Amino acid sequence: MSLFVQMNLTCPECAEVFTYEAVGSVNADRRSDLRDEILEGSFQTVSCSACAHEFRLEPDFNYLDVGRGQWIAALPARNLRDHLEIAADKQAVFDLSYGSQAPAAAQSVGQGLQQRLVFGWPALREKLVLQEIGFDDVLWEVAKLDLLRSLPEAPLAEGVDLRLLGLQQDMLDLAWIRADSEEHLNGFQVSRALYDDIVAAPAPWAAVQALLGASMFVDIQKLFMGEGEDAA
């Protein structure tokens, strides 16, 4: 089941303190509406009881969708620099819940789950979009790297992510997004052949593919900080 907990929030606009049910975990098999809200970008959006100012809580929960084979630990974007330690902690959580340390029945469920760690709402949404359109997320991150080589201007910076928004016929909708505020800096389209060509001939990317898929944190961002530096 999905779990929510009452917590006190302070409105960033008027400083009013009020209570809100913050998510602790999402079970998308039983609450498909919550998955829809994540995709729509409205999940955990709060309206202040005093001034009606709207703001969104940072993600800090586990997402489970057995039917689609997804288990995702979603954390605030500001925690990205601690991804190595967090990945180890979340792996332990998964092992206890569905992995080697779980009861046999839970292990049987866990065998069909892809384990992932994401930082920020845009990263979580992208994982759901990738599953929806049938893209392998490791190969998609490889495709991003290939794309970066050809982009004339890429606003690469800490906290700015390149995210897939969706698929329209044979075109992929992408955008550069600030992970914390979800502000879209600019959007553009590329042909889905970017991904399909790598699927058809992945051999040249074998080394980076192995690095990207080495832990539950599957994101090109790790190639530009701790984990990538250790591997080099």
Side-chain angles (χ1 to χ4, degrees), residues 4-5 7 9-13 20 22-26 28 34-35 37-46 53-65 70-91 93-94 114-131 137-138 140-141 144-145 147-148 151 154-166 173-188 211-230:
F4 291 82
V5 294
M7 65 182 300
L9 302 179
T10 301
C11 175
E13 186 72 15
Y20 183 79
V23 66
S25 65
V26 168
L34 301 183
R35 177 179 180 274
E37 289 179 17
I38 293 172
L39 288 169
E40 293 165 1
S42 61
F43 187 54
Q44 294 284 273
T45 296
V46 182
H53 173 69
E54 287 191 348
F55 59 99
R56 197 175 190 189
L57 300 186
E58 294 178 308
D60 191 358
F61 62 95
N62 293 334
Y63 174 94
L64 174 66
D65 190 335
Q70 289 184 297
W71 183 93
I72 306 172
L75 279 86
R78 56 186 166 82
N79 292 350
L80 175 62
R81 281 195 168 271
D82 298 321
H83 69 91
L84 290 171
E85 296 82 2
I86 292 173
D89 290 343
K90 293 302 180 181
Q91 185 63 60
V93 170
F94 180 87
Q114 182 186 71
Q115 309 157 43
R116 292 293 183 258
L117 169 65
V118 299
F119 296 93
W121 289 113
L124 174 59
R125 184 186 182 279
E126 183 180 55
K127 294 298 183 186
L128 304 192
V129 170
L130 290 169
Q131 191 283 330
D137 68 332
V138 176
W140 171 243
E141 295 299 318
K144 283 185 188 177
L145 287 174
L147 177 61
L148 289 178
L151 287 178
L156 284 172
E158 185 171 348
V160 178
D161 305 336
L162 178 60
R163 298 297 175 196
L164 175 65
L165 304 181
D173 293 323
L174 295 96
W176 290 97
I177 305 175
R178 294 195 185 278
D180 53 359
S181 66
E182 301 179 68
E183 176 190 359
H184 286 216
L185 301 181
N186 69 294
F188 59 98
L211 180 57
L212 285 166
S215 74
M216 64 168 60
F217 181 45
V218 176
D219 197 302
I220 59 173
Q221 294 177 88
K222 72 181 181 181
L223 302 182
F224 307 116
M225 51 184 64
E227 189 167 324
E229 292 169 4
D230 292 344

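Predicted model only: the values in this text are computed from it and were never measured.
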Roughly how far apart are [X] [atom1] and [Y] [atom2], rounded to 0.5 Å?
X      : Y      : atom1 : atom2 : value
Ile177 : Asp180 : CD1   : CG    : 11.5 Å
Ile72  : Asp65  : CD1   : CG    : 8.5 Å
Leu148 : Leu162 : CG    : CG    : 6.0 Å
Ser25  : Asp60  : OG    : CG    : 11.5 Å
Trp176 : Leu185 : CH2   : CG    : 9.5 Å
Leu124 : Leu75  : CG    : CG    : 10.5 Å

Using the side-chain hydrogen bond (donor to acceptor under 3.5 Å, both in side chains) criterion, which residues pair with [X]? Sequence neighbours excluded.
X      : value
Gln115 : Gln91
Asp82  : none
Asp137 : Arg116, Lys127
Glu183 : Arg178

Mind checking whether [X] and [Y] have side chains closer than 4.5 Å, heavy atoms only?
X      : Y      : result
Gln70  : Leu64  : no
Val46  : His53  : no
Val218 : Trp140 : no

Could you report the tightest heavy-atom contact between [X] and [Y], atom names first, then the distance?
X     : Y      : answer
Ala87 : Met216 : O-SD, 4.3 Å
Phe55 : Cys11  : CE2-CA, 4.2 Å
Ser42 : Arg56  : N-NH2, 4.0 Å
Lys90 : Asn62  : NZ-OD1, 4.2 Å
Ala77 : Ala179 : CB-CB, 3.6 Å
Ala28 : Tyr63  : CB-OH, 3.4 Å

Quick one: list whatever passes salt bridge (Lys or Arg N to Asp or Glu O under 4.0 Å) with [X], sequence neighbours left out.
X      : value
Glu37  : none
Glu158 : Arg81
Arg163 : Glu126, Asp161, Asp219
Glu13  : none

Practice problem: Walk me through it: do Ser215 and Lys222 pass the test side chain to side chain contact (heavy atoms under 4.5 Å, CB included)? | Solution: CA-CA 10 Å; Ser215 74; Lys222 72 181 181 181; 3.5 Å; yes
Side chain to side chain contact (heavy atoms under 4.5 Å, CB included) against [X], all qualifying residues, sequence neighbours excluded:
X      : result
Ala88  : none
Gln44  : Phe4, Tyr20, Ala22, Val23, Leu57, Trp121
Arg125 : Leu39, Val129, Leu165

Practice problem: Check whether any side-chain N or O of Lys144 sits under 3.5 Å from a backbone N or O of Ile220 as a donor-acceptor pair, and report yes or no. | Solution: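 Such a contact is absent between Lys144 side chain and Ile220 backbone.
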Exercise. Step by step, work out the ring-ring contact (aromatic ring centres under 6.0 Å, His included) result for Trp71 and Phe94.
Key: CA-CA 8 Å; Trp71 183 93; Phe94 180 87; 5.2 Å; yes
Self-check item: Residues that Phe119 engages under ring-ring contact (aromatic ring centres under 6.0 Å, His included), provided they are two or more places apart
Solution: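 Only Phe217 meet the ring-ring contact (aromatic ring centres under 6.0 Å, His included) criterion with Phe119.
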